[in-house]
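Proteins come first, then strands; the chains are lettered A, B, ... in the order of their sequence lines, and each starts at number 1.
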Amino acid sequence: MTRLVLIDGSSYLYRAFHALPPLSNAQGEPTGALFGIVNMLRAHIKEQPEYIAFVVDASGPTFRDDLDPQYKANRPPMPDDLRAQIEPMMAIVQALGLPILRVPGVEADDVIGTLAVQGAAEGMTVTISTGDKDFAQLVRPGVTLVNTMSGSRLDGDPAVIEKFGVRADQIVDLLSLMGDTVDNIPGVEKCGPKTAAKWLNEYGTLDNVIANAGAIKGKIGDNLRAALPRLPLNRQLATIKTDVELDGGPATLALRERHVEDLRRLYARYGFNQALKELGGAGDEAAAGANDASLRNTAAGYARAAQPSDEAPDPSLSVKGDYETVQTRERLDAWIAMLDAADEFAFDTETDALDAMQANLVGLSFSTAPGNGCYIPVGHTYPGAPAQLDLHETLDALRPLLEGPKHRKLGQHGKYDLHVLRRHGIDVDGYADDTMLESFVWNSSATRHDMDSLAKRYLGYDTIKFEDVAGKGAKQIPFSEVAIDDATRYAAEDADITLRLHRVLSAKLAEIPTLERVYRTIEVPLVPVLARMEANGILIDAEELRRQSADLSRRMLAAQQKATELAGRTFNLDSPKQLQALLFDELKLPALVKTPTGQPSTNEEALEAIADQHELPRIILEYRGLAKLRSTYTDKLPDMINRDTGRVHTSYHQAGAATGRLSSNDPNLQNIPIRTDDGRRIRKAFIAPPGRKLVACDYSQIELRIMAHLSEDPALVRAFASGADIHRATAAEVFGKPLEEVSGNERRAAKAINFGLMYGMSAFGLAKQLDIGRGEAQDYIALYFSRYPGVRDFMERTREFAKANGYVETVFGRRLYLDNIHARNQGLRAGAERAAINAPMQGTAADIIKRAMIEIDGWIAGHAEKAKMLLQVHDELVFECDAGFVDTLIAEATRRMSAAAELRVPLVIDSGVGDNWDQAH
DNA sequence: CTGCCGACGTAC
DNA sequence: GACGTACGTCGGCAGT
């Protein structure tokens, strides 16, 4: 078979630049992207293809620019550090003997497409080497796609379908629907790969999707219809040409002799020592293809890496690793020696369950350098599983490394591993970096910070997925039953990739000192604090909840019977759809509120609006309230009690909310009811054990205080300084009367304005909130701004900052990027502006309480028997402590909470004590 | 039976 | 179109 390799130089250059750390040579010239490219090229040459070409874009416009002036219009200019690597790259490609193709007026994509089709037609085996997914459209018999950076390979329709959900011949249609933000091609709003694939699987082709656009329901259907005129153009832009006029065909692209002296000079200049070493046997073809020994887990590899004086290990971040399964005491000791010699290493644990408070350890993995890694199985139990090291012996041997602060430990979501290890007797110290948190601080707007997503985003690397080794759904097996070879590939890769990610992300954070500081002084120290709070858990009175459930059930049944009677038939009160049919079709009640999808809503507001016309809406509201409490709280919480501890252990998600807030899940203890009497009763079931008390300390009006601080509004700052009830003071200010003459209604209005402002509320929203006219609401707001002009200026400044910079920041420098701040879509843009106004306040509050938690945790460590921190609810901390320690705890905790930030207004803490959480308020 | 999404409602 | 940030439950539906 004759082989033809077509290398997409432009895509690799960009991807290598962004995936690799900003390396430089001894002269300070940037070499990161170059390094990735050279490794990729050497891998291809090693295969000795007969024909090969390195294809790059020529400068100047192409036919796509003629089709759409906006094409690639929002591409940022090439970074200088990347531009500087182009000439050296071309020189090395030349010296390696690769034909370079650069065709004016034609994009590299189209050159590659044309040559691929010609090559396949001539019977060649064609490999397209690229980092660009768009090329999947060219996969066909004889044409394979590879990405050496991620190791992925598409060699036929089954592989394409697995990756994209459609056949290769449908890829263009898929891309047309999705659009491409990088190339500035607008697709169907909200239509990603999943939706596009779904449509194509249903209708086959883009033309058929267009023909049936009327049949697609919902908002996404509207989006599709709105995009229809654009789609044919998208298809033209997305289609890679296969019929470009070229001077020569594939047969003119023979791999030439390499120029050893040039290579030697170039490799030396850019510090590619490994490649240089392989040149040693000049003319020896085998040497050129030898694997990079420093990346392999040979005994020699360990010895080299174990020498601190040795040069840094090969920093390639984009190759597949080579991993060892550690099954003997000798190999364990060898790894321990290597870990001990490293300043920092990445670790990961594998367990048999997702719940860190229940999971058993199945194995551990470690990595000390990109590409290396080991997996130490200690708990695989399937029939025929090979002998493994003893769990306790292994942990004891690793204990000095893990429990000492000497080595910097890196993890991805390490809080989980800290829990697992603690429950197996290892108290980790020196947990120094967490890639999930690095990613979160770097860009909190990104929704996913899991390792698979980060590897893809920052390394262009496709990781082995959990389901690849353990299956999914009903067929999923616990990790303890995964074959050890599979487990090693998966688990050691986790540690390896964590380490590589850290190299990339820590370099990024270092570029922005405020972010680095948020990460280093807030997020990283918070990890063990949260782990301790989660481990503490809170005691639940299950009997009390059962009684409440029974009471709720009784009242639900009564409501249900009444509802059936009123409706004249049975129906499911839990079904908005059935409710909608009953209320608006059968009973002909007016549908005054619509859901976001345009359906008549049956939500609280809608039912309240028609409650004076029929008895049923009121009954449904009654039922809803009861059902919510029972299903979400009184029935569920008793099930969440941990069998071993007898307590409920929530899990705090540290990278969950873009503003920097924590979130809580399994169960969510940050939304336990408090506003209604029925709901509030649930808090009576959160209790302290005999002889102990629950203490709750909360920041009084912290976000409004932050608004006063940020806006520097004199009247608002003065109001807080005076210690007055802030809503009353606002009412007095706005309505122009003494504090004591403010009516209840005026205070309520002022409170609504205060809160509404922080959320970017409009007059429309305020009117709805207060059930007043829109004009009246507008008057209130105008009056408010005339009294607090600093607040209006602050809001305007914040919007302007967001528009100019694309992000807003907290007092401590945490950033929130606002992707939609320049959106064409008015609704999206307005939403981003509201988020911009809210985030500095919500985010600063989050920073402050996190700082307080770290300080309090440090103090409480010396009193661990007497007091424990249990819960955080955004502006509140809940503790459990000995009855005789309450006063000390309140004094010490409130002092630290107040001192967590120096603002222009005081930070006031309210506190309460009780036998349960209700009393403690 | 499983997985996903919309609707709804709880918290701060 | 109109109030920011979360999470959990349920019904409904598509697919296995």
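Among the protein residues, A/I674 comes within range of the sugar-phosphate backbone only, with heavy atoms under 4.0 Å from sugar or phosphate atoms but none that close to a base. Among the heavy atoms of the strands lying under 4.0 Å from A/Y633 are primed sugar atoms or P, OP1, OP2 only; no base atom is included. Within 4.0 Å (heavy atoms only), A/R675 reaches at least one base atom of the nucleic acid. Counting any heavy atom pair closer than 4.0 Å across all strands shown, A/R829 reaches no nucleic acid atom. Using a 4.0 Å heavy-atom cutoff across all strands shown, A/A830 reaches no nucleic acid atom at all. Residue contacts shown for A/E604 are limited to sugar-phosphate atoms, with no base heavy atom under 4.0 Å away. Within 4.0 Å of A/I672, counting heavy atoms only, lie sugar-phosphate atoms of the nucleic acid but no base atom. If you check every strand for non-hydrogen atoms under 4.0 Å, A/G656 touches sugar and phosphate atoms only.
In terms of heavy atoms, A/I220 sits closest to A/K190 at CD1-O, 3.2 Å.
With rounding to whole Å, A/R624 atom CZ is found 16 Å from C/dG8 atom C1'. Per the geometry, CD1 belonging to A/I620 stands 15 Å off C1' belonging to B/dA7, to the nearest Å. As a whole-Å value, the separation of A/F440 CZ from C/dA6 P is 9 Å. Spacing between atom CG of A/N838 and atom C1' of C/dA6 amounts to 12 Å, rounded to whole angstrom units. Distance A/Q842 CD to B/dA11 P: 16 Å, rounded to the nearest Å. A/L637 places its CG atom 13 Å from the C1' atom of C/dC7, with the value rounded to the nearest Å. Atom-to-atom, CD1 of A/I753 to P of C/dG4 comes out at 18 Å; the value is rounded to the nearest Å. We find that OH of A/Y652 is positioned 13 Å from P of C/dC7, with the value rounded to whole Å.
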Hey, mind stepping through A/D819 and A/S445 against side-chain hydrogen bond (donor to acceptor under 3.5 Å, both in side chains) and telling me if it holds? CA-CA 8 Å; A/D819 297 339; A/S445 309; 4.9 Å; no
From CA spacing to verdict: side-chain hydrogen bond (donor to acceptor under 3.5 Å, both in side chains), A/D666, A/S651: CA-CA 6 Å; A/D666 290 308; A/S651 175; over 6 Å; no
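At a cut-off of 3.5 angstrom, the base of B/dC12 holds at least one donor-acceptor pair with the side chain of A/R661. Contact annotation: side chain of A/K577 to base of C/dG11, donor-acceptor pair absent below 3.5 Å.
Taking the side chain of A/D574 as heavy atoms from C-beta on, and the options C/dA2, C/dC10, C/dC7, the nearest nucleotide is C/dC10. When the nucleotides B/dG9, C/dG8, C/dG4 are ranked by their closest atom to the side chain of A/N603, B/dG9 comes out on top. Closest to the A/N671 side chain, of the nucleotides C/dC10, C/dT5, B/dG9, is B/dG9. Closest approach to the A/T659 side chain among B/dA7, C/dT9, C/dT5 is made by C/dT5 (side chain taken as heavy atoms from C-beta onward). Of the listed nucleotides (B/dA11, C/dG12, C/dG8), C/dG12 has the atom at the smallest distance from the side chain of A/S575. Comparing atom distances between the A/N665 side chain and each of C/dG8, B/dC12, C/dC10 picks out C/dG8 as nearest. In the set C/dT9, B/dT10, B/dA7, the nucleotide with an atom closest to the side chain of A/P576 is B/dA7.
Defined by atom type and a distance below 3.5 Å, a donor-acceptor pair is missing between the side-chain atoms of A/T564 and A/T570.
One finds a salt bridge joining A/R555 and A/D678 here, because a Lys/Arg side-chain nitrogen approaches an Asp/Glu carboxylate oxygen to under 4.0 Å.
Base pairing analysis places C/dA2 opposite nothing; no Watson-Crick or G-U wobble pair with both distances below 3.5 Å involves it.
Taking only side-chain nitrogens and oxygens, A/T632 never comes nearer than 4.0 Å to OP1 or OP2 of C/dG8.
Proximity of A/V695 to A/V878: side-chain heavy atoms (C-beta onward) are nowhere separated by under 4.5 Å.
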